[in-house]
Amino acid sequence: MKKGVVGHDGVVSEVTATGYKVSIVSKSACAGCHAKGLCSASDMADKIIDVKSRDTSAFKVGDRVSVNMEESMGMRAVWLVYAIPAVILVTFLLYLQRLGVSELATGLAVLGAIAVYFVVLFLFRKKIGRHFNFTISPAQEDN
């Protein structure tokens, strides 16, 4: 795999007119542990990734593939979902406390500001989604 690219192995679950739907099993660090049956911390989730592709004849349903994305896109997602809301939270919190607003009102205002931010993200999800491009390639066989 190239430097600066993050990849996950998956299985093509559907071929669409615009690309592929790839099923990826996301495992927590302890999901592969031999004692996971005794522990409630193990976590596995099935995720579906939409991969846009002009050539929809390269793979068929059931093929093992690797879904790749640039690391910079991952960092952009971290900024959108974690960093910017944290800045909003701290900014509103400090500003409203400095104005002498009660703690309850400050807390509600901060939660409201973050909720508005996520609603705006939701409304612009298609435009934002254009900046997140996945590529697909045959899965690497382990030796």
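Only a predicted model underlies this, so the values are computations on that prediction, with no experimental measurement involved. Note: hydrogens, waters and symmetry copies are ignored here, and every other heavy atom, side chains too, is used.
Contact check for Thr106 versus Leu93: side-chain heavy atoms found under the 4.5 Å cut-off. Side chains of Asp9 and Arg64 form a contact here, defined as non-hydrogen atoms less than 4.5 Å apart. Inter-residue side-chain proximity for Val65 and Val11 is flagged as unmet; no heavy-atom pair is nearer than 4.5 Å.
Across Phe92 and Ala109, no two heavy atoms sit closer than the pair CD2-O, 4.3 Å. Contact detail for His8 and Ile24: the closest heavy-atom pair is CB-CD1, 3.9 Å. Nearest approach of Tyr117 to Leu80, heavy atoms of both residues: OH-O, 2.7 Å. The heavy-atom pair separating Ser53 from Thr56 by the smallest distance is O-CG2, 3.8 Å. Closest non-hydrogen pair, Asn68 versus Ser137, comes out as ND2-OG, 3.3 Å. Residues Val51 and Thr135 come closest through the heavy atom pair CG1-C, 4.1 Å.
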Test log, rule side chain to side chain contact (heavy atoms under 4.5 Å, CB included), inputs Ile49 and Lys21 = CA-CA 6 Å; Ile49 306 290; Lys21 291 190 184 281; over 6 Å; no
message = side chain to side chain contact (heavy atoms under 4.5 Å, CB included) for Arg76 and His131? Distances and angles first, verdict last.
response = CA-CA 9 Å; Arg76 182 179 296 156; His131 297 284; 3.1 Å; yes
request  = Given side chain to side chain contact (heavy atoms under 4.5 Å, CB included), test Val87 with Val90 step by step and report yes or no.
outcome  = CA-CA 5 Å; Val87 169; Val90 171; over 6 Å; no
key: Intermediate values then yes/no, side chain to side chain contact (heavy atoms under 4.5 Å, CB included), Thr16 and Glu14   = CA-CA 6 Å; Thr16 65; Glu14 184 180 341; 3.6 Å; yes
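Residues Leu89 and Leu104 are members of separate hydrophobic clusters, defined by side-chain heavy-atom contacts under 4.5 angstrom among Ile, Leu, Val, Met, Phe, Trp and Tyr. When the side chains of ILVMFWY residues are joined at heavy-atom separations under 4.5 Å, either directly or via intervening members, Phe118 and Ile128 end up in a single hydrophobic cluster. With hydrophobic clusters built from ILVMFWY side chains whose heavy atoms lie under 4.5 angstrom apart, Phe124 shares a cluster with Ile88. Under a hydrophobic-cluster definition in which Ile, Leu, Val, Met, Phe, Trp and Tyr are linked whenever side-chain heavy atoms come within less than 4.5 Å, directly or via other members, Val22 and Val61 are assigned to the same cluster. There is no path of hydrophobic side-chain contacts, each under 4.5 Å, that joins Leu111 to Tyr82.
Using a distance-only test at 3.5 Å, with no hydrogens or angles considered, a donor-acceptor pair links the side chain of Tyr20 to the main chain of Phe59. Checking side-chain atoms of Ser23 against main-chain N and O of Ile48 turns up no donor-acceptor pair under 3.5 Å. Without hydrogens or angle criteria, Arg125 side chain to Phe122 main chain gives a donor-acceptor distance under 3.5 Å.
Remark: Ile84 CD1 to Ile114 CD1 distance equals 12.0 Å, nearest 0.5 Å. Between atom CZ of residue Arg98 and atom CG of residue Leu96 there is a gap of 12.5 Å, rounded to the nearest 0.5 Å. Between the CG atom of Asp50 and the CZ atom of Phe132 there is a distance of 14.5 Å, given to the nearest 0.5 Å.
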